[in-house]
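For reference, the structure discussed in these notes is given below.
Heavy-atom basis, side chains included; hydrogens, waters and symmetry copies ignored. Convention: sequence-line order gives letters A, B, ...; per-chain numbering from 1.
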Amino acid sequence: MSTLEIRDLHVKVKAEPEHPEILRGVNLTINSGEIHALMGPNGNGKSTLAETLMGNPRYLVTQGDILIDGQSIVDLPVDERARLGFFLGMQYPAEINGVTNAEFIRAAINARRPEDDPIPIMAYLKQLDETMAVLKMPEDMADRYLNQGFSGGEKKRNEILQLMMIKPHWALLDEIDSGLDIDALRIVANGVNQMRGADFASLIITHYERLLDYITPDVVHVMKDGQIIETGGPELAHQLEETGYEHLKAGEGND
Amino acid sequence: MTELTLPNTPKIPLARYLKQAPDAFDQVSVQADSAVTVSQTAAAWPVRSAVDAWLGAPPVTEVFIPAGYHAEAPVQVTGPQTGSALVILHVGAGAHVRLQDRWATSGQQLGVGVLLELAANAEVDWLTYDAFTAHTAIVQRTAELADHAKLNWTVAGFAQNSGASLLTVNLNGTGSQATINVGVLASGSQHVGYTTAMTNNGRQTQGHINQRGVIVGKAHLIFNGIGHIIKGARGSDNQQENRVLMLGSKARGDANPILLIDENDVTAGHAASVTRVDRTQLYYLMSRGLPESLAKRLVIRGFLEAGLLEITDPALKQALFKQIDETLVMADA
């Protein structure tokens with residue numbers, strides 16, 4: 001049992017210190033085993049929260065803290081956070097030429113293991129084949145260059161493939177449903193659901209209730225204007241689908 | 001007799017390099033099947049520019065690949081252990097050839113000339129692997145293409161030397177086509193310039209240049225791309241891309257695309273960039289737990305790979321990747 005605690009988190013874009021904060025005092029606690037959904041209108045800080053938790057150097061924490069079991073991780077670089085168990089399924093994954101998908105995922109797994117004990121290649125390939133089958137990904141995607149020329153849907157599926165192979169403790173999924181047709185959405189949701197367990201927690205960012213029909217969250221939060229303004233059970237997502245975000249309190253969004 | 005001029009090589013101090021005479025000449029060795037003939041001839045090197053004149057009139061190795069030749073095994077030219085060398089390769093009409101030239105030659109001031117002539121309908125896959133250990137090398141490689149000849153040329157520049165590399169493709173015959181991919185890793189205090197020229201002389205000719213360079217340490221790398229469509233070369237296409245990636249604050253890079261177009265009914269284009277390592281890519285790789293040094297190596301390898309895409313020989317590709325990794329590890333230290 002592990003706890004991720006976000007305490008009064010304030011965040012700016014590092015390159016724009018004169019601009020106002022994007023996050024203005026976020027408080028959130030996630031325990032392992034839980035799935036949290038983060039909803040809210042565009043441009044209100046949801047992606048910034050996910051990127052800041054992951055350690056994107058673009059963002060600067062100006063106040064507050066991020067703690068795992070009481071230990072601050074704010075000063076850790078992104079790769080160390082990843083090895084601690086964070087994973088960010090990105091909205092726009094980078095394309096990287098010259099590095100195959102299979103080679104990359106193996107390097108990511110080995111980065112978590114002692115240098116003299118890499119994952120045996122046969123065991124790895126077997127696991128990769130099985131996971132790709134769950135996600136209904138064609139075999140050749142293992143040998144293609146990382147995200148290079150992948151369609152939007154293929155990239156999202158590839159993020160979930162990495163999630164399932166790397167098996168993080170804290171999965172931040174940023175609009176993993178955008179650009180997916182209904183079949184792909186089901187497949188991706190199924191992948192995430194397979195990860196559920198006592199050692200796994202997730203913060204799922206989405207605009208639509210649709211994804212939450214397939215991945216039932218334990219807690220739903222609404223973020224507006226850099227703060228979490230409402231928290232409830234899964235029923236909150238259904239309410240929002242009917243009423244929208246307009247009536248909720250707090251100020252205007254940033255966009 | 002008209003006066004010989006220097007080729008146009010912006011930012012490369014060619015005239016200064018040529019003040020020093022080339023090292024003594026030796027012979028290349030040629031490995032090929034019995035259909036290919038090799039002979040040593042005197043004074044056969046055509047003198048068209050001041051660089052040719054500088055190379056002088058030493059013995060030249062001539063390689064004749066007969067018309068209609070087809071073979072899977074490559075014709076291999078290997079530069080001498082030490083010393084300058086000249087080689088002319090004649091590819092007969094309709095021949096299909098895989099050609100390799102590899103150089104790990106040592107010396108002070110190498111003069112290297114390679115001339116490749118493709119007769120009508122000949123098709124050549126050419127792989128050049130430069131791993132010179134000489135101090136300076138002036139390397140001139142020229143390909144002349146007759147009607148409907150095709151050239152697919154990859155140049156892997158992984159040498160330690162300073163100097164100039166002049167790569168020239170002349171699309172002389174109607175419908176001839178050439179692609180030249182150049183991948184260069186410059187390191188140490190190397191100062192090296194590539195001038196890659198593609199000239200459309202014939203009608204309906206297509207020429208593409210794609211150059212990728214990574215610079216580490218205090219090295220300086222210059223990429224000149226010169227696309228030239230001659231008047232009368234109607235329906236031709238000339239494209240080029242020159243991209244340079246710099247690592248470290250002391251690395252210097254230049255990418256100069258030059259397009260000279262003397263005909264209307266043509267298509268042409270260019271792209272060039274001098275950049276540092278893509279932060280978004282690094283972040284993505286590191287967000288999966290890869291340490292920064294490894295993430296950087298993968299990004300750089302990927303960048304360079306776009307210039308070495310056509311290398312299908314897995315052993316060579318592995319060797320190049322290994323050299324990239326080792327060079328970068330040394331640069332990190």
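- Interface remark: A:Asn147 contributes side-chain atoms only to the contact with chain B (heavy atom separation under 4.5 Å).
- Among the candidates A:Leu84, A:Leu88, A:Asn110, A:Ile109, the residue making the largest number of heavy-atom pairs closer than 4.5 Å to chain B is A:Leu88.
- Interface remark: B:Leu285 contributes backbone and side-chain atoms alike to the contact with chain A (heavy atom separation under 4.5 Å).
- A salt bridge does not link B:Glu305 to B:Arg212: none of the charged nitrogens lies less than 4.0 Å from a carboxylate oxygen.
- Both the backbone and the side chain of A:Ile96 come within contact range of chain B, with heavy atoms under 4.5 Å apart.
- Electrostatic pairing of B:Arg141 and B:Asp130 counts as a salt bridge here, judged by a charged N lying under 4.0 Å from a carboxylate O.
- Comment: B:Arg102 engages B:Asp313 in a salt bridge, judged by a side-chain N to carboxylate O separation of less than 4.0 angstrom.
- The pair A:Glu175-A:Lys46 does not count as a salt bridge, with every side-chain nitrogen at least 4.0 angstrom from each carboxylate oxygen.
- Only the side chain of A:Glu103 comes within contact range of chain B, judged by heavy atoms closer than 4.5 Å.
- Classification of A:Glu159 and A:Lys155 as a salt-bridged pair fails, no side-chain N sitting under 4.0 Å from a carboxylate O.
- In this structure, B:Arg301 satisfies the cation-pi test against B:Phe321, with its NZ or CZ atom closer than 6.0 Å to the six-membered ring centre and inside 45 degrees of the ring normal.
- Only the side chain of A:Leu146 has a heavy atom closer than 4.5 Å to any heavy atom of chain B.
- For chain B, no part of A:Tyr92 is nearby; none of its heavy atoms comes within less than 4.5 Å.
- Considering only heavy atoms from C-beta on, B:Phe158 comes within 4.5 Å of B:Leu308 through its side chain.
- Between chain B and the options A:Arg83, A:Arg58, A:Arg81, the largest number of non-hydrogen pairs under 4.5 Å is found for A:Arg83.
- Most heavy-atom pairs under 4.5 Å with chain B: of the set A:Pro77, A:Gly55, A:Ala108, A:Pro57, this distinction falls to A:Ala108.
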